[in-house]
Protein chains: 2
Amino acid sequence: MVRHSVTPSREELDHRKATILEAVVAEYIDTAQPVGSSSVAAVTGLDVSPATVRSEMVTLEREGYLAQPHTSAGRVPTDKGYRYFVDHLRSGSIGPGQQQQIREFFTNVRGEVQEVLEQTSNLLTRLTSYTSVVVGGGHTHATVLNVQLVNLDARHHLLVSVFSDGTVLKHNVRSDFAATHVDVAEASRQLNALLIGTSLDTRVQVPSRHDHVATLVREAVAELHAEAPTFDGEQVFIGGSSKVAESFDGVETVRKVLAILEQQLLVVTLVEDILDQGLSVAIGSENGYEPLASCAVVVAPISVDGEPAGAVGLLGPTRMKYREAMAAARVVSEHLTRHLSGEDERD
Amino acid sequence: MVRHSVTPSREELDHRKATILEAVVAEYIDTAQPVGSSSVAAVTGLDVSPATVRSEMVTLEREGYLAQPHTSAGRVPTDKGYRYFVDHLRSGSIGPGQQQQIREFFTNVRGEVQEVLEQTSNLLTRLTSYTSVVVGGGHTHATVLNVQLVNLDARHHLLVSVFSDGTVLKHNVRSDFAATHVDVAEASRQLNALLIGTSLDTRVQVPSRHDHVATLVREAVAELHAEAPTFDGEQVFIGGSSKVAESFDGVETVRKVLAILEQQLLVVTLVEDILDQGLSVAIGSENGYEPLASCAVVVAPISVDGEPAGAVGLLGPTRMKYREAMAAARVVSEHLTRHLSGEDERD
DNA sequence: CGTTGGCACTCGATTCTACCGAGTGCCAAC
DNA sequence: GTTGGCACTCGGTAGAATCGAGTGCCAACG
């Protein structure tokens with residue numbers, strides 16, 4: 001986590017400071033109001049006076065865990081404060097009702113991977129009422145099971161390729177000449193011979209002859225391999241964008257966050273950056289996008305047959321309910337991993 | 001639309017009333033402020049005093065075209081007022097810059113139909129800064145060009161079908177028995193013989209034998225035809241949802257509208273309802289969804305080879321810039337129609 | 001020395017008042 | 001039918017007063 005890589009030497013706080021900090025964060029998450037010393041004194045089991053709490057708070061503020069909106073208001077957690085809170089969260093589990101809901105979902109869900117991912121995104125939103133993100137992809141190692149070249153008309157053809165993970169790709173192939181059905185059928189045969197068992201990054205020996213069939217084959221292979229860089233097939237499904245309007249109050253903030261969510265590529269990068277850092281939560285500025293400074297993103301990786309294959313994520317305000325969100329993301333990602341690895345029957 | 005069915009006899013307004021109404025609507029769209037009699041008197045070429053305008057306004061209000069937020073504020077258009085305005089809009093055209101932008105877009109865009117539609121949605125948003133909707137689908141009459149059954153493992157197979165419009169569908173086919181490659185290849189052959197040239201609603205004669213191959217064929221055909229009802233393949237692409245946050249001020253309104261946009265099926269229905277009524281704009285309550293009461297939706301149909309094939313739409317506040325929005329929707333839909341009908345070269 | 005109660009102080013939020021002015025409705029005169 | 005005149009309405013804004021939650025500081029206490 002960030003703790004290892006980003007903040008090299010993270011100080012620990014003594015028990016009392018930690019308790020106070022956690023109380024402030026918890027209450028602020030709950031109420032969205034600056035938290036005062038007296039309510040902290042009341043709620044913690046510390047049995048100290050507000051005055052003592054205040055003097056500790058001064059320290060915590062100096063060390064960057066807390067902030068004051070203005071002199072003589074209560075304290076509000078900083079990103080660093082949230083970070084401490086999250087890192088010291090004993091990971092909770094989710095309610096039995098939600099357990100049930102998730103189990104039900106995964107026993108009933110059927111259909112294409114994409115649909116499953118999309119539905120999963122909706123599930124996460126229902127579970128947490130935060131905006132959810134499901135990134136799927138990374139089947140780079142899938143191999144070709146079958147390819148087929150199909151005539152659309154004399155000069156337009158469609159290359160359909162089936163991969164071992166069930167993905168189907170299609171590519172338009174044009175020819176400058178009118179190709180006969182026989183040409184196409186023969187090209188199709190050759191393509192199969194050439195490509196079956198290869199993955200997209202395998203170099204294959206294409207015929208160099210100049211007849212129609214060879215040209216078709218070359219074109220088709222070129223088209224297919226042109227896909228390689230993007231084939232990762234990263235797909236994003238975003239659910240519950242309307243929750244953004246609930247999570248943030250400034251219309252302007254809502255707009256900014258929505259604008260980010262619209263850029264799907266950016267969302268993928270965001271989620272993967274977080275995972276690459278070994279994090280499971282990115283808080284405020286940690287996520288690296290200024291418009292998302294008031295957001296926290298919870299992520300959990302998914303894998304297929306042991307290979308990383310995407311992630312699920314939840315986006316909410318920095319004062320999000322971390323325990324619930326993290327638990328939901330974790331449990332769903334585990335189910336999804338199992339589901340995609342084929343432990344369930346698919347339609 | 002609504003005019004034909006809902007408001008059977010739509011009265012015309014005399015010239016002066018019409019001018020005043022239009023001035024009010026135009027200014028309100030521009031400023032979002034209630035419009036007073038004097039500014040109307042100043043801006044119209046009518047050469048009448050504010051007092052006269054006022055007395056006309058009283059009539060317009062009684063007839064339901066205008067409303068007052070409160071006594072002694074200016075007037076604000078009602079849905080009916082906007083409706084009159086829109087119905088009497090001499091349809092404008094779009095700026096040369098935008099023309100250019102659209103032309104450029106359509107000469108450069110390439111790739112799958114879906115991607116084109118998605119990109120088009122983004123284009124519309126860029127052009128108008130309203131949320132845009134592109135509904136594609138309705139290739140019900142496409143016929144099968146080629147099908148292919150592929151082994152995933154002994155009991156899981158993938159049926160890949162290519163249609164005359166370039167669509168590719170895939171379906172999982174399970175067998176209770178371990179199918180050999182030979183079985184699958186033979187089933188594949190038979191499926192081709194059976195299905196090529198048929199459309200999804202064509203009944204085909206499936207073999208009734210009980211051997212492995214026949215069972216596979218039956219399963220595959222069943223799977224494929226199960227798709228028929230939904231095959232319409234209605235797809236929605238929504239662009240610029242962040243614009244919602246700009247168009248409306250109440251956070252609550254923003255939330256409601258976003259929530260509607262999340263339900264893609266609902267969006268499709270909405271757009272199609274409007275088209276079915278022969279409308280090109282639905283204003284406020286006309287669209288039939290209470291949460292969209294403060295929205296206007298501009299639509300324009302698209303077709304492929306003469307067949308209706310979806311629509312483009314723009315969603316904004318009732319005080320949207322109708323002329324621009326309608327022009328943009330119309331022009332883009334025309335381009336898209338031409339593009340999808342194959343008048344341009346595709347990659 | 002850490003802890004505590006006491007206390008003056010700060011400053012956003014709330015309430016109240018006064019007031020301004022855009023815009024209306026009405027009416028008498030043209 | 002149109003117009004200028006005029007009293008009236010009522011939302012919006014500005015300023016003043018007040019409130020109170022919460023702070024910082026300090027002296028006293030164990």
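Each chain gets a letter, A, B and so on, in the order its sequence line appears, and its residues count up from 1.
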Original post:
If only side-chain N and O atoms of B/T52 are considered, is one of them under 4.0 Å from the OP1 or OP2 phosphate oxygen of D/dT2?
Top reply: no
Original post:
Among B/L21, B/V24, B/T78, which residue meets the side-chain contact (heavy atoms from CB on, under 4.5 Å) test with B/L60?
Top reply: B/L21
**OP:** Between B/H70 and B/S55, name the one whose nearest nucleotide on DNA chain D is closer to the 5' end.
**Re:** B/S55
Subject >> Who pairs with C/dC30 - Watson-Crick or G-U, where each distance is under 3.5 Å >> reply: D/dG1
Original post:
Could you run down nucleotides 12-29 of chain D 5' to 3' and tag each one B, S or - for protein heavy-atom contact under 4.0 Å?
Top reply: ---------BBBBB----
Subject >> Check: A/E324 side chain, A/T128 main-chain N or O, donor-acceptor pair, under 3.5 Å >> reply: no
Original post:
Between D/dG1 atom P and B/R16 atom CZ, what is the distance in whole Å?
Top reply: 10 Å
Original post:
With respect to A/K17, which candidate in A/E12, A/E22, A/E56 satisfies the salt bridge (charged side-chain N to carboxylate O under 4.0 Å, His left out) definition?
Top reply: A/E56
Subject >> side-chain contact (heavy atoms from CB on, under 4.5 Å) involving B/S49 - partner list, sequence neighbours excluded >> reply: B/A51, B/T52
Original post:
Does B/D87 pair with B/R83 as a salt bridge, N-O distance under 4.0 Å?
Top reply: yes
Subject >> Between C/dT3 (P) and A/D47 (CG): distance, integer Å >> reply: 12 Å
Subject >> Pairs involving residues 245-259 of chain B, ordered by first then second residue, that meet side chain to side chain donor-acceptor pair (under 3.5 Å) (sequence neighbours left out) >> reply: A/E246-B/R255, A/R255-B/E246, B/E252-B/R255
**OP:** Scan every strand shown for a Watson-Crick or G-U wobble partner of C/dC9, both distances under 3.5 Å, and answer none if you come up empty.
**Re:** D/dG22
